[in-house]
Amino acid sequence: MSSRTVLFTGGAGFIGLHVVPLLLERGYRVRIFDNMFRGDRDRVAELAATGRVELIDQDVRYGGAVYRVMRGCDHVIHFAAVSINKSQADPYESIDINMVGNHNVFAAAAEHRIRRLVYASSASVYGEPRKLPMHEDDELNPLTPYCIAKRAGEDLLRFYQRQRGLSWIALRFFNVYGPGQKPTAYYTSVINHFVARLRNGQPPVIDGRGEQSMDFIHVRDIARGVVAALESERGNMPINLGTGVDTSVAQLAKILIDAVGVDVTPEFNPRDVLVSRRAADIRRAREVLGWQPTVSIEDGMADLVRRTPAGSRRTPAPDRLPRTPAPSSTS
Ligand SMILES: NC(=O)c1ccc[n+]([C@@H]2O[C@H](COP(=O)([O-])OP(=O)(O)OC[C@H]3O[C@@H](n4cnc5c(N)ncnc54)[C@H](O)[C@@H]3O)[C@@H](O)[C@H]2O)c1
């Protein structure tokens, strides 16, 4: 148990709101630093009622604000970022928030002698992988301003480690899903799209043959990984957080048909699609963090369908899913 304070940028977003309750359980105080562009004010207010969470409604682009607010904090979790699709539509904003914002947070953390900084990196730093599963030492080939900034963030962390002894872990999240996820999320929006159709009794429509795959990881498992990274003895490295299982879009459609419980068959829209595939090598997460995924995709999707009303952006209270065995790894 800890009586320490965590500065948590972007802590009012989808994943952050699943991490904060775990931090409270472990005795931390949490200072959420979020400009509330995508944050959930109602859920933050519920957490603030514990007396151990406060919201600083500010922007990571303002280095002075970041520096001041970090005073007295022991740990930092840096999540604040704009999404991949916005980064393509508006690279200027993306670089400002995701690159300059990163630097403001990392430089302040080094200056304040923060014990551990956990950074939300992304599987998208790999670009299109040459092989599966994707290992942390594989070649990186980031393709958009968002992915480029995520990779540069990792490089900046190494710089502050060398220059000032900053202790860090960059978690490369794969395709995170679960209660509270945004309907517009770049990769996982396919889930919302299929569920919306199934709820209307319509079959999911799959582009191409549905061979493109993702490594869907439940937000509850991600939240446990973030806390493990904050507390692990070893650091200064990127670590994949995924399940190790690549689930094709066609398999996802079948899983969601079962989860919604309708009797339909997917339709295929024959056209050329780029068949990208994703699966994480999670041996490092196991070794360094003692972490492994616990929510199978079938249970996670069934839970998501059950708990998220159509069109909702609300994040339900922390998960109370039954424990399930770890899915088998493809690695
Ligand atoms: N969700 C995924 O599948 C996924 C995958 C890989 C990496 N990530 C990364 O994980 C982190 C959390 O993702 P999420 O899904 O919870 O995203 P999210 O958009 O729900 O949360 C991000 C939070 O950052 C805040 N924010 C945005 N710009 C800000 C700024 N300029 N100053 C202060 N706060 C700002 C938003 O208001 C929001 O609350 C992000 O860094 C994201 O890039 C997410």
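Both counts, for ligands and for their atoms, begin at 1 and track the order of listing. Values reported hereafter were calculated over all heavy atoms of this structure, with side chains retained and with hydrogens, waters and symmetry mates removed.
Legend: salt bridge (charged side-chain N to carboxylate O under 4.0 Å, His left out) pairs involving residues 78-97, not counting sequence neighbours, sorted by first then second residue: K86-E93.
Ion pair E111/R164 flagged as a salt bridge, since at least one NZ, NE, NH1 or NH2 atom sits closer than 4.0 Å to an Asp/Glu carboxylate oxygen. Under the 4.0 Å criterion applied to side-chain N and carboxylate O atoms, E154 and R172 are assigned as salt-bridge partners. Between D207 and R271 there is a salt bridge, with a side-chain nitrogen of the basic residue lying less than 4.0 Å from a carboxylate oxygen of the acidic one. Salt-bridge check for D281 with K131: failed, with every basic side-chain N at 4.0 Å or more from each acidic carboxylate O.
Listed by chain and residue number, the protein contacts of ligand 1 are G10, A12, G13, F14, I15, D34, N35, M36, F37, R38, G39, Q58, D59, V60, F79, A80, A81, I97, A120, S121, S122, Y146, K150, F173, F174, V176, K182 (heavy atom within 4.0 angstrom).
Taking the six-membered ring where tryptophan is involved, the planes of Y160 and H103 are tilted, since the angle between them lies from 30° to 60°.
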